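Notes to accompany the following structure.
Worth saying up front: this structure is predicted, and the values here are computed from it rather than measured. The chains referred to below are lettered A, B, ... by the order of the sequence lines, with proteins before strands, and numbering in each begins at 1.
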Protein chains: 2
Amino acid sequence: MSASLTRIKKDFTQGLSQISRFWGFPKGMGAIFAVLYLSPMPLSLDEIVQETGLTKGAISTEIRALARMGLVHRSSRLGDRKDYYEAESDFYAAIRSILKERQNSEFDRAIRSVRGTLETMEANWVDDEEWNFVYERVQALQEFFDAIDSLTMAVVKLEKLGFSNVTKILSVLK
Amino acid sequence: MSASLTRIKKDFTQGLSQISRFWGFPKGMGAIFAVLYLSPMPLSLDEIVQETGLTKGAISTEIRALARMGLVHRSSRLGDRKDYYEAESDFYAAIRSILKERQNSEFDRAIRSVRGTLETMEANWVDDEEWNFVYERVQALQEFFDAIDSLTMAVVKLEKLGFSNVTKILSVLK
DNA sequence: ATGAGTGTTTAGTACTTACTAAACGCAGTA
DNA sequence: TACTGCGTTTAGTAAGTACTAAACACTCAT
């Protein structure tokens, strides 16, 4: 029976909420995305209110964050003052957008500060035993971050090429 | 002068604190790891107290989490009742350990619930238009998660092979 | 045993954050 | 101009979290 479809939607929404919270986003964010993702047509803000149980205000702010990440798209119809929202279903497009956004985040600022540490050490070098040790350690961490960054870029490029490349990567590592 | 070494350590520690917070860990965790990572020798709990300014209690609990993730190792010396802690410097080893831990986390539980949704839909199938739509969407998300998981495993295998493979991956995608 | 020196646990606190409720601004319409 | 129907902003709240301070438990030495 189709009555259980609402139940399935609810379960799915709850799952995405937890995943959202796990990644450090508000759980409401995951709920909003889930509702949009399972909807065949774009939804208005009030419809999202009804589906999620959140208030307009919360949805207003959180949907903007989702849009900034490229996970939802806002559209408007002529002669209709409502805005309509739909989920991005191409996750690779979303990931690329998220990673682009990340460039300006606190995270990259912090990582750059590690590189800055290296540079200041090089600038006024002291040939001390501990100094050398610290330098090597910081350098190793920097290299690790760079590796992660390279991998990230690899994933971004994946978006252009499609799914099969993951298995391609795996075969390379075999 | 070596006086600025303490300054460099402090800057580095603060950087790692922010990175830690970004990933959803307490910032004190990053600070503890940073202090250990830059120390040429293992440190006792009291020494960590002095370096970080945190209290014994906080360090006690947070260092256990770090140890569980494989980011620090605890050791004890004969005739010395203190425990000593040192940072894991092989980050790939740490990553593998973290990913192993992740298997039991809320994240994977949530992802499994998505797969569960698919299975219950298949079990009592309804040939409804919306039903089909929802099923396809959930399935697409599932495939995306699987791809991420494959990539994760690729990174885990990387640990065995060393750094150069990241560039190798990039060359494949070229 | 007693005491000193460990790490651990617990109760409480300051702070952050996700959210609500309601005021607000801003269009289009009468 | 006032009104209606939107989305947005803001003030306040409830809950979670990282941390402190202090009590606690354990181990070894005397």
- Is a side-chain donor or acceptor of A:S39 paired with a backbone partner of A:L36 at a separation under 3.5 angstrom? no
- Contact class for A:R74 vs. all strands (heavy atom < 4.0 Å): base, sugar-phosphate, or nothing? sugar-phosphate
- Closest listed nucleotide, where the reference is the side chain of A:T55 and the choices are D:dT9, C:dA4, C:dT20: C:dT20
- Do A:V138 and A:Y135 belong together in a cluster built from hydrophobic side chains that touch within less than 4.5 Å? yes
- Nearest-0.5 Å distance that lies between atom OG in B:S113 and atom CD in A:Q18: 6.5 Å
- Scan A:G79 against the nucleic acid and name what it touches under 4.0 Å (heavy atoms): base, sugar-phosphate only, or nothing. nothing
- Selected nucleotide, minimal atom distance to A:K82 side chain, candidates C:dG7, C:dC19, D:dG7: D:dG7
- Query: Which part of the nucleic acid does B:T61 contact within heavy-atom distance under 4.0 Å: base, sugar-phosphate only, or nothing?
  - Reply: base
- Item | Pairwise 5' ranking along DNA chain C for B:R64 and A:G24, keeping only the more 5' one | B:R64
- Give one of base, sugar-phosphate or nothing for A:G28, where a contact means two heavy atoms less than 4.0 Å apart. sugar-phosphate
- Query: Can you tell me if the side-chain N/O atoms of B:K56 get under 4.0 Å from OP1 or OP2 in C:dG7?
  - Reply: no
- Item | Candidate nucleotides C:dG7, C:dA4, D:dT8, ranked by approach to the side chain of B:L45 - the nearest | C:dG7
- Between D:dT20, D:dC19, D:dG7, which one does the side chain of B:E62 approach most closely? D:dC19
